[in-house]
Amino acid sequence: MKPYNSKAYHPILGRGLRYEPPRFPDMDSQYNHKTVEATAQSQWRDTNAYLAIENDPRFPKGKYYACSMLPYPSGKLHMGHVRNYTINDMLVRYKRMQGYNVLMPMGWDAFGLPAENAAMKAKVAPAAWTYKNIEVMKAQSQALGLAIDWSRELATCDPAYYKWNQWFFLKCLENGLAYRKTQIVNWDPVDQTVLANEQVVDGRGWRSGALVEKREIPGYYMNITKYAEELLDATLHMLPGWSERLRTIQENWIGKSEGVRFAFPHDIKDANGKPIQDGKMYVFTTRADTIMGVTFVAVAPEHPLAVEAIRRYPELGSKIHALKLGGTTEAELALKEKEGVPTNLFVTHPLTGKDIEVWVANYVLISYGDGAVMGVPAHDERDFAFANWYRIPIKQVIEQDPKIARWGSPSSPGVSVAPPDFDPSKWHDWYGSKALTSCVNSGVLDGLHYEQAVSKVVELLSAKGLGEKKTTYRLRDWGISRQRYWGTPIPVIHCDDCGVVPVPEKDLPVVLPEHHIPDGSGNPLNKDEAFLKCTCPKCGKPARRETDTMDTFVDSAWYYMRYASPNAETMVDARNDYWMPMDQYIGGIEHAVLHLLYARFWTKAMRDMGLLKFDEPFKRMTNHGMLLNHIFYTPGSHGSKNFIPPTEVKPTHDEKGHINGGTLADGTRVEYGGIGKMGKTERNGVDPQDLIDKYGADTARLYVMFVGGPEDPAVWSDTAVEGAMRFLRRVWTYCADRAAEIANAGAVDANALSAELKATRFELHSALKQSNFDYERQQYNTVVSASMKMLNALETVKPGAAPTLSREGASILLRTLYPVAPHITCKLWDDLGFEKTEGSLLNAKWPEPDAAALVQDEIKLVLQINGKTRGEIVVASSADKATIEAAAAAADEVAKFGEGRAPKKIIVVPGRLVNVVV
RNA sequence: GCCCGGGUGGUGAAAUUGGUAUACACAGCGGACUUAAAAUCCGCCGCCUACCUGCAUAAGGAGCGUACGGGUUCAAGUCCCGUCCCGGGCACCA
């Protein structure tokens, strides 16, 4: 075959047009992503290529389950999905070639509010809207070429799925893990529903953004706090595959606090002459060592003692109510003064017996602990500010201990000076310190350090029956009732005689009627007689069905286990024990608290019911970064912004090359709004479908992987997409130009290669080594660059010059590039005949670098003199330390830069450098 | 305020974890091919300079460079201390 020369003049085509060498067997000369992707996808479909079977004997290394957080079927995929699923896809393709039995499933988080909102807008039933969206998004996922086992697909709005939400809920009711109570809840007036604490962000609904109100409503709760300690302990010790960042978020959320709960006795009686709270005002403190410094106690405005104060002194009412104002919202809090009202009610200090006045304070929260705190102004910053304002006495009870602390100043570090004095007019951080301090002015506690003092206090209090060690958590029980239509019906029945009665297991699922179209007037189930009317399972009398539905976080708490046992006759079956725990979970960081905590809790609850045997569902967790894009807008009236999609803007740059604005096609000037998350509001999203149509799925995948590390945020770039496309075209051209020689060549004989070809082969295997390293640590951006390095090296070998090396190169390049760009590589693999000798690329053996190829006869070592790079020396790769030292000492640079001094010391870093110290 | 991350060319980023800083790309510049453009291919591309060699705004060399200031080390983007920014989490939590 005649070597291809791009500069050759073609007798028929003329200059500059591509000369077409004969193809083998009948390959297209140009990369056409549409035909390539269609061919590959239909082949995968026809062979059921991604069907996962438990204990599949083809894969000896055991299972590998990698799963992406299930998407909400909002209408279309967005680029975040593309990134998420490509990471997932690369993992399973890579693992499969290594011999693992992989599973990558997909499903739909199909219940939820957006469907109801869309329904109201478009007058379609949420069910119809949802199923339509699922269809579209499934087609898009397939167009991306994801290695999904679609036989396990599920939608959470399918009765066959949510039946098990209901079943498990009933089990939890039976054993007390779920319970019904009436509580003040967060009510979202826009979405007309109850929100969990986690769903209230800065006092607003996480989805609607509406200011949340407090309402009293009966509902169901999951007792997640029962697992608080286990969840925390596992967070700290059992999740090595989670990022520290993620673990910290969960740890903070659980919010464990160890301290002492004790009572101030009192004989304050209510209107009926009954002692309030049985004459004990409980507080919680983490600083029991400062108990002798108590000069007041403070209660929340809702506390029974505050209520009693209002009863006795009605003029306090408006002042106390005023303390509730200002809310708990964001910035106001920082500005809010510590305010309070004295009540003229007194409690008794449990250790000193002194009378202590009760204040109502705006910084005490009824929802935390007992809604009351002891006031130790000397050693708590808030109490300090409060006491200073209201001229309450401040009593110092701890000091920096000169025996254990060493104070210094910047000029004389470490030199002990006198311990700092306590100054009641100004707060210093050490007042609140637990470390390096000991008690003073505290009677029996004097001289004790924090831990000793706390133990002593507990001993004294428990002797009087007034206190004990106690651990509290920030985490609250999970309220799962939602006053919504589009969710899993809570399977209970209300009977006038029997009260709340669970639906018998045999009657599950309680099927949600799918034909309703919400109109904003509340839950349509409340008007659905056919749904409402039922008979009481206990007494058989007419009864009314519950119309609340479950929080959709229930759906997502365990779906990944249903993937593992699709169509099971039970909630999960033995197949779940095969696939779970999941080896790798992938999703956005925005679910770091809610979803991940609920899923972990659900797993533990299922474990304790004997449904599974493991403790934690997700061994490894990857949180892919957000996709960002530039934001452009034209100023509207009243400071509003008319956002312009970046695709319509030609950006302009300042003298430093940074974008500072842009122009539209008609010349209109637009403002630059910086970089932000791709979204509908800013109109800066990129539609994956457009990308797939224009460049193909492989280019889209390659781009999102190459743009940065999987966990880093990534900024969109049109030109970088073109670059990704260009690379794939070069891969195609490389193979097409060498098709025949690659198909016919044998194995590489390394000894027969010229020095130049040996160098190329060294580059190839070095890049492969790097690629394998980066695959293992899931750093896919450099996996892509390793493939580019391989191609750069291989292209230096002209067609026909070294068929065996070209064949080896193509086989390595195609295999390492395959997880990123499966379509083009599969097509080339088949076209070049690899499929005939090595089988399908899907199951091909993962390439390992040839150790011999990585050995060079001579190696270059960096030569440093006194730590500065001055040149390099070339030595035989087999050279020992002494030889290298001698060669380095003899180098010209040593004479030149060493100023004639003899080497004092020579440090040799094998294979890298040699440093001569003179 | 506390707790986690992070700060590297014009841009996205890399540096196998203490060993040649800027790999691989994008953009830009120059060239080849073309009537021309696109595409493709080749080359250049951190900063500074009357600091040195050179006619040179060519090419070398020296110097400086990973937010800033110190330190440890033969050797620091990487480790330590301090400071400043950016992102995230938590927060009148007792």
Side-chain angles (χ1 to χ4, degrees), chain A residues 6-7 9 14-18 243-253 255 257 259 283-287 298 328 330 333-334 336 338 361-365 367-376 380-383 385-386 410 429 472-474 589 592-593 653 655-659 706-709 711-724 726-727 729-730 733 767 769-770 772-774 776-777 779 781-782 784-789 792 795 860-872 897 904-918:
Chain A
S6 65
K7 285 177 185 158
Y9 176 83
R15 298 179 83 89
L17 288 173
R18 264 186 68 85
S243 67
E244 170 150 0
R245 175 179 172 216
L246 192 48
R247 288 199 304 256
T248 307
I249 291 174
Q250 295 233 328
E251 186 188 339
N252 287 343
W253 193 266
S257 176
V283 298
F284 175 75
T285 181
T286 55
R287 295 304 306 273
T328 44
E330 3 152 10
L333 279 180
K336 202 158 119 185
K338 308 280 174 282
N362 65 351
Y363 67 92
V364 182
L365 306 179
S367 56
Y368 189 81
D370 293 279
V373 299
M374 64 178 196
V376 184
D380 179 278
E381 194 166 357
R382 290 158 311 184
D383 295 345
F386 190 79
D429 281 344
T472 58
Y473 299 89
R474 203 186 99 91
I589 189 77
V593 174
H653 303 262
E655 64 280 2
K656 287 206 79 182
H658 301 124
I659 294 176
F706 187 54
V707 70
E711 308 217 334
D712 299 329
V715 182
W716 182 256
S717 159
D718 286 323
T719 51
V721 177
E722 302 266 1
R726 208 145 50 215
F727 170 65
R729 267 205 299 259
R730 275 172 58 209
T733 305
K769 191 179 164 197
Q770 184 213 313
N772 286 356
F773 180 79
D774 290 336
E776 272 307 305
R777 58 173 179 164
Q779 186 173 289
N781 50 335
T782 46
V784 173
S785 71
S787 292
M788 290 172 169
K789 285 178 191 175
N792 287 347
E795 279 179 336
K860 284 178 189 166
L861 295 179
V862 168
L863 176 65
Q864 293 187 339
I865 290 146
N866 290 341
K868 278 191 189 276
T869 302
R870 294 300 185 183
E872 57 188 32
F897 293 99
K904 270 193 290 203
K905 190 175 171 189
I906 298 179
I907 291 128
V908 176
V909 182
R912 289 207 179 258
L913 62 70
V914 50
N915 186 10
V916 181
V917 184
V918 298

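In what follows, chains are A, B, ... by sequence order, proteins preceding strands, each numbered from 1.
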Sugar-phosphate, base or nothing in reach of A:R247, heavy atoms under 4.0 Å = nothing
Sort out the partner of B:A27 for me: Watson-Crick or G-U wobble, both distances under 3.5 Å, none otherwise.
-> none
Phosphate-side-chain proximity, A:R730 and B:A39, N/O vs OP1/OP2 below 4.0 Å | no
Sugar-phosphate only, base, or nothing, as touched by A:K868 at under 4.0 Å among non-hydrogen atoms | sugar-phosphate
Using only heavy-atom distances, determine whether the side chains of A:R730 and A:N792 contain a donor-acceptor pair under 3.5 Å.
-> yes
Quick one, which residues of residues 910-918 of chain A touch RNA chain B with a heavy atom under 4.0 Å?
-> A:R912, A:L913, A:N915, A:V917
In the strands shown, is B:C68 matched to any nucleotide by a Watson-Crick or G-U wobble pair with both distances under 3.5 Å, and which?
-> B:G82
Distance test, side-chain N/O of A:N772 to OP1/OP2 of B:U16, below 4.0 Å | no
According to the Watson-Crick and G-U wobble definitions, with both distances under 3.5 Å, which nucleotide is paired to B:U22?
-> none
B:C26 OP1/OP2 closer than 4.0 Å to side-chain N/O of A:R726 = yes
Quick one: is A:R245 getting a side-chain N or O under 4.0 Å of the B:G89 phosphate, OP1 or OP2?
-> no
Does B:G54 sit syn or anti, given that only angles within 90° of 0 count as syn?
-> syn
Establish, from distance only, whether the side-chain atoms of A:N772 and A:E776 form a donor-acceptor pair under 3.5 Å.
-> no
Considering every strand shown, what is the Watson-Crick or G-U wobble mate of B:A50 when both distances are under 3.5 Å?
-> none
Mind checking A:I249 for me? I need base, sugar-phosphate or nothing, with any heavy atom below 4.0 Å counting as a touch.
-> sugar-phosphate
When both distances are under 3.5 Å in a Watson-Crick or G-U wobble arrangement, the nucleotide paired with B:A56 is none
Distance, rounded to the nearest Å, where A:K904 contributes NZ and B:A75 contributes C1' = 15 Å
Does any non-hydrogen side-chain atom of A:V373 lie less than 4.5 Å from one of A:F284?
-> no
Reckon A:G723 touches a base, only the sugar-phosphate, or nothing at all at heavy-atom distances under 4.0 Å?
-> sugar-phosphate
Identify the nucleotide, in any strand shown, that forms a Watson-Crick or G-U wobble pair with B:C2, with both distances under 3.5 Å; if there is none, say none.
-> B:G89
Can you tell if the side chain of A:Q864 reaches within under 4.5 Å of the side chain of A:V862, non-hydrogen atoms only?
-> yes
Taking the side chain as C-beta and beyond, is there a heavy-atom pair between A:I249 and A:V593 under 4.5 Å?
-> yes
Report yes if a side-chain nitrogen or oxygen of A:R382 is closer than 4.0 Å to either non-bridging phosphate oxygen (OP1 or OP2) of B:C93; otherwise report no.
-> yes
Can you check B:G9 for me, syn or anti if syn means within 90° of 0?
-> syn
So, is A:S243 close to the B:G5 phosphate, meaning a side-chain N or O under 4.0 Å from OP1 or OP2?
-> no
Ignoring hydrogens and angles, state whether a donor on the side chain of A:E722 or A:T719 is under 3.5 Å from an acceptor on the partner side chain.
-> no
Counting Watson-Crick and G-U wobble pairs only, both distances under 3.5 Å, name the nucleotide matched with B:A94, or none.
-> none
Residues in ring-ring contact (aromatic ring centres under 6.0 Å, His included) with A:F386, at least two apart?
-> A:F296, A:W359, A:Y363, A:Y390
Would you classify A:D774 as touching base, sugar-phosphate or nothing, given that sugar-phosphate means primed atoms plus P, OP1 and OP2, and contacts are heavy atoms under 4.0 Å?
-> nothing
When we call it a touch if two heavy atoms are under 4.0 Å apart, what does A:Q779 touch: a base, just sugar-phosphate, or nothing?
-> sugar-phosphate
